[in-house]
Trainee: 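Sharing a structure with you now.
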Amino acid sequence: MGKFITLEGIEGVGKTSNLNFIRELLEAAGQACVVTREPGGTPLGEALREMLLGHRDDNMSADAELLLMFAARAEHLAKVIRPALDAGKTVLCDRFTEATYAYQGGGRQLDIGKISGLENWVQGELRPDLTLILDAPVEVGRERAGKRSAPDRIEQEKDDFFQRVRQAYIALAHEHPERITLINAEPPLEEVQLQIREKLSEYGILGK
Ligand code: TMP
């Protein structure tokens, strides 16, 4: 089985730059690696992503949002993630179920039992080997993300939504310290990357 690594965080914490950094580290370590994202990663998943993030259904119900996230995930697991892991490849995924706990659980305040029920159904025993959560205050993320294009359906939520998302991420790291870790994303990129490199080594992902 290959290793399953996921990257998480609120808007503007540097997910894209750090995803590329991790990809380069893995490639330099000679690891066959599949880089993918959620929601998305398959034709069906990308179509669901458009529905989830576009503005056609601006007042989508929270339950519909949750179920669509897991529908995209079921397809992603079946078509991309499980086959790659079974083939011994490392899978690096930009967001996964921890995002559901943070956004739909924390942000939307949905019952956590609904999420864990879907997680067990769709994933069985499968959990990421390592989840890196890039953590920074909401204001810092806003400031950095503010320079980008028009907000999508979820990005347009207010700061208190993102405060809850951040707190839910922090709570997840405390609940599952063996596989979920917080990375302080406030310092300059090079310092963040040092922390990431250390974690990957600690988990034996870059080889010993
Ligand atoms: P991004 O990954 O391009 O930043 O955008 C994906 C958006 O979807 C982001 O706002 C977080 C949100 N999201 C959820 O709300 N729940 C989920 O389970 C996932 C994977 C993403």
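Nothing here was measured: the structure is a model prediction, and the numbers come from that model. Ligands are counted one by one from 1 in listed order, and the atoms in each one are counted from 1 as well.
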Trainee: Are there over 12 heavy-atom neighbours, none belonging to Lys89, within less than 6.0 Å of that residue's NZ?
Mentor: no
Trainee: Looking at atom 5 (O) of ligand 1, what's its closest protein heavy atom, distance included?
Mentor: Arg49 NH2, 3.7 Å
Trainee: Starting from atom 12 (C) of ligand 1, locate the nearest protein heavy atom and write down its residue, its atom name and how far away it is, to 0.1 Å.
Mentor: Ile154 CD1, 3.8 Å
Trainee: Are any of the N or O atoms of Arg73 closer than 3.5 Å to those of ligand 1?
Mentor: yes
Trainee: Between Arg37 (side chain only) and Asp94 (backbone N and O only), is there a donor and an acceptor less than 3.5 Å apart?
Mentor: no
Trainee: Identify, for atom 17 (C) of ligand 1, the protein heavy atom at the shortest distance, and state residue, atom and that distance.
Mentor: Met69 SD, 3.3 Å
Trainee: Any N or O of Glu155 that comes nearer than 3.5 Å to an N or O of ligand 1?
Mentor: no
Trainee: Is Arg73 close enough and on-axis enough to Phe70, meaning under 6.0 Å and within 45°, for cation-pi?
Mentor: yes
Trainee: Run the numbers on Glu50 and Arg56 for salt bridge (charged side-chain N to carboxylate O under 4.0 Å, His left out), then give the verdict.
Mentor: CA-CA 9 Å; Glu50 264 182 55; Arg56 198 193 70 175; over 6 Å; no
Trainee: Would you say Glu65 and ligand 1 have an N/O pair spaced under 3.5 Å apart?
Mentor: no
Trainee: Between Thr90 and Gln31, is there a side-chain donor-acceptor contact under 3.5 Å, judged purely by atom types and distance?
Mentor: yes
Trainee: Heavy atoms only: which of Ala99, Gly9, Gly41 is nearest to atom 19 (C) of ligand 1?
Mentor: Ala99
Trainee: I'd like to check Arg95 versus Leu7 (side-chain heavy atoms, cut-off strictly below 4.5 Å). Are they in contact?
Mentor: no
Trainee: Please list the nearest protein heavy atom to atom 15 (O) of ligand 1 with its residue and the distance rounded to 0.1 Å.
Mentor: Gln104 NE2, 2.9 Å
Trainee: Looking just at side-chain N and O atoms, do Glu65 and Tyr103 make a donor-acceptor pair shorter than 3.5 Å?
Mentor: no
Trainee: Using the side-chain contact (heavy atoms from CB on, under 4.5 Å) rule, pick out the option among Leu200, Ile205, Leu92 that qualifies with Leu25.
Mentor: Leu200
Trainee: What about Tyr103: any of its N or O atoms under 3.5 Å from an N or O on ligand 1?
Mentor: no
Trainee: With atoms numbered from 1 as shown, which atoms in ligand 1 lie under 4.0 angstrom from a non-hydrogen atom of Glu38?
Mentor: 20 (C)
Trainee: Check Asp63 with Lys114, please: is the shortest side-chain N to carboxylate O separation under 4.0 Å?
Mentor: yes
Trainee: For ligand 1, which atoms sit closer than 4.0 Å to a heavy atom of Pro39?
Mentor: 8 (O), 19 (C), 20 (C), 21 (C)
Trainee: Looking at atom 1 (P) of ligand 1, what's its closest protein heavy atom, distance included?
Mentor: Arg95 NE, 3.5 Å
Trainee: Heavy-atom pairs closer than 4.0 Å: do any link ligand 1 to the side chain of Leu53, the backbone, both, or neither?
Mentor: side chain
Trainee: With heavy atoms of Thr100 as the reference, note each atom of ligand 1 found under 4.0 Å away.
Mentor: 17 (C), 18 (O)
